[in-house]
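These notes are about the structure you will find just below.
What you see below is based on every heavy atom in this structure, not just the backbone, and it leaves out hydrogens, waters and symmetry mates. Numbers restart at 1 for each chain; the letters A, B, ... are given by sequence-line order, proteins then strands.
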Amino acid sequence: MGAQHLSSPHVMLEIPMSIKSKLQMLVCLCLAIFAFANEDEARAEKVFQDPEVFLTEVFDGPVPDPSFLWLISDVKAAAYEILDRNLSGLRQRYWRQGDQTVWILEEIGKTQAITTGISVNDGTIERLQVLIYRESHGWEVRYPFFTDQFRGMSLSSEMELSEQVDGISGATLSVRALTKLARLALLFDGLVRAEGEANE
Amino acid sequence: MNKWRLFRTWHRWLGLGITVFVLLLSITGVMLNHAEKLKLNDVTTDADWLMSWYGIDGLSDDAVSFQIDDQWITSGNGWLYLNDKAIATTEGQVIGAVQTDLLVIVASSRKIYLFTHQGEQIEVYTPEGFDAEITAVGLSEGRPVVQAGEMVFKADEDVAIWQPYDGDYVWSESTRFSEAYLSAINQHLRGGGLPFSRVLLDLHSGRFFAASGPLIMDAVAVILVLLNGLGVWLWWARR
């Protein structure tokens with residue numbers, strides 16, 4: 001195999017061609033490593049369903065005016081047990097028709113909020129829908145094969161769901177977020193109905 | 001060519017090539033070894049150039065403020081401030097802010113933010129019935145109004161429901177942010193500054209210069225090990 005010579009008045013450096021090509025490969029590999037050294041998760045907001053469209057669907061027609069659940073200290077304390085964080089705000093809006101309450105709630109999956117619509121009827125989840133998803137991974141939770149399992153679930157006295165939620169590999173944090181929101185919606189629904197009964 | 005001369009040449013040039021890196025590693029290494037004694041964790045720096053290098057910037061130049069009676073709402077870097085107090089993170093461009101008897105109302109292009117006069121968050125929501133983004137917010141007879149597309153909407157007394165409106169209104173106007181609160185806002189955005197130990201660690205690892213800096217330092221370490229072996233071998237062979 002031939003060799004190249006890099007020469008100066010003082011130095012004769014021999015580099016065999018095979019070593020040169022290997023060095024070139026090594027440089028390319030290093031450049032590739034450097035290129036991926038700054039891997040950045042792309043942010044991509046996906047609107048699967050507009051919240052207003054969701055409300056129209058669940059009420060099958062005109063949407064009632066929103067009502068408010070005031071987030072007093074007891075409510076916030078109970079929400080903290082579910083979310084493991086403090087709930088912000090002083091009021092939570094919801095929509096009600098008879099025994100049905102509908103909530104648009106958000107919870108962070110890994111780093112971004114997942115906007116979710118939850119319809120609760122007579123204390124059980126009627127429908128759970130991922131409306132807006134903002135992360136690059138884990139969006140499989142939007143599909144009915146996952147969200148349908150929440151139908152019929154209620155909240156136990158320990159503020160847990162009445163049934164086990166089957167997770168999705170690679171979407172653990174999104175699954176956890178939606179499970180929290182399901183529990184929160186059921187909690188809020190119970191408080192609203194208790195408030196209504198107390199006022200009757 | 002004489003192989004000893006070849007190896008000595010490689011040893012010389014490689015050694016010269018990594019001199020600066022070795023100096024950096026040595027000096028920062030010694031300092032980090034005595035970090036506690038030198039109180040490097042307690043000493044912080046918030047030099048502008050260094051904070052910018054780390055991407056920890058102060059209030060951006062495109063920040064805006066809105067004066068509402070004797071208070072200021074400032075929006076910048078994704079944060080909302082009531083005077084010098086951070087009250088919320090924001091989504092989208094903040095369009096304006098107004099104050100009613102009970103509430104402070106801030107509008108971004110997509111959301112309505114409600115606060116008490118003391119800055120406690122009441123609710124953040126996306127208003128229903130808007131076909132376009134919000135482009136202006138103002139007051140009409142003590143109630144907030146917003147413009148979305150061609151239409152103007154006025155809120156009910158709870159600022160919960162917005163209805164089309166064609167009466168008179170006064171729009172909120174932005175001004176440059178108030179310098180009086182700039183220092184406190186920058187303190188919030190930058191935290192307490194960077195601990196000196198953090199900067200030294202990043203210099204030592206190479207991370208200070210680029211995300212790929214640690215790989216370069218790894219290469220220097222490998223070369224140093226090679227030089228060490230080569231040097232010992234050259235000495236041993238020539239003794």
Residues 103-134 of chain B: residues contacting chain A (heavy atom under 4.5 Å, by number) = B:R110, B:K111, B:L114, B:T116, B:E120, B:Q121, B:I122, B:E123, B:Y125, B:P127, B:E128, B:G129, B:F130
key: Interface residues of residues 141-149 of chain A facing chain B - heavy atom cut-off under 4.5 Å   = none
note = Closest heavy-atom pair, A:P66 versus B:A160, reported as atoms and distance to 0.1 Å, is CG-O, 4.4 Å
query = What part of A:L55 gets closer than 4.5 Å to chain B, counting heavy atoms only: side chain, backbone, both or neither?
reply = side chain
key: Counterpart residues, side chain to side chain contact (heavy atoms under 4.5 Å, CB included), relative to B:K85 (two or more places apart)   = B:I87
key: Neighbourhood of chain B inside residues 155-183 of chain A, taking heavy atoms under 4.5 Å as contact   = none
